[in-house]
Amino acid sequence: MKICLPITIKPEGGGNYFLLNFLRYLDRQGIAHTDALTDRYDVLLSSHWLVTPEQIVRGARANPGLRFVHRIDGA
């Protein structure tokens with residue numbers, strides 16, 4: 001499995017802390033991930049509406065069977 005997280009992560013803010021920790025977790029578990037929509041991947045992850053509808057469509061067209069996961073918290 002490979003996860004795409006096409007988001008520029010900033011060093012501050014609660015949502016960014018989540019994303020940084022999530023990427024560290026993926027690394028510890030040996031789960032492949034990318035931030036490039038043009039790569040091949042199985043899951044497209046968004047957080048706080050930071051992935052546009054156009055990016056979702058582009059990812060789905062390039063990766064048949066894609067699963068889209070959207071993280072929404074109290075923001």
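None of the values given here were measured: they were computed from a predicted structure.
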Where Leu45 and Ile3 come nearest, the two heavy atoms and their spacing: CB-CG2, 4.2 Å
Determine whether Asn63 and Arg40 make a side-chain contact, defined as any pair of heavy atoms from C-beta on separated by less than 4.5 Å. yes
Side-chain donor-acceptor pairs of residues 26-34 under 3.5 Å, sequence neighbours excluded:
residue: Asp27; atom: OD1; partner: His33; partner atom: NE2; Å: 2.7
residue: Thr34; atom: OG1; partner: Ala36; partner atom: N; Å: 3.1
residue: Thr34; atom: OG1; partner: Asp39; partner atom: OD2; Å: 2.4

Under the side-chain contact (heavy atoms from CB on, under 4.5 Å) test, residues paired with Arg58 that sit two or more places apart: Leu37, Gln55
If every non-hydrogen atom of Leu44 is compared with every non-hydrogen atom of Ile56, which pair is closest and at what distance? CD2-CA, 3.7 Å
How are the rings of Phe18 and Phe22 set relative to one another: parallel (under 30°), tilted (30 to 60°) or perpendicular (over 60°)? parallel
For residues Ile9 and Leu19, report the shortest heavy-atom separation together with the two atoms involved. CD1-CB, 3.7 Å
Can you see which heavy atom on Thr8 is nearest to which on Asn16, and at what distance? O-OD1, 4.4 Å
For Tyr41 against Gly59, the heavy-atom pair lying closest together: OH-CA, 3.3 Å
With Arg61, which residues qualify under side-chain contact (heavy atoms from CB on, under 4.5 Å), at least two apart? Val57
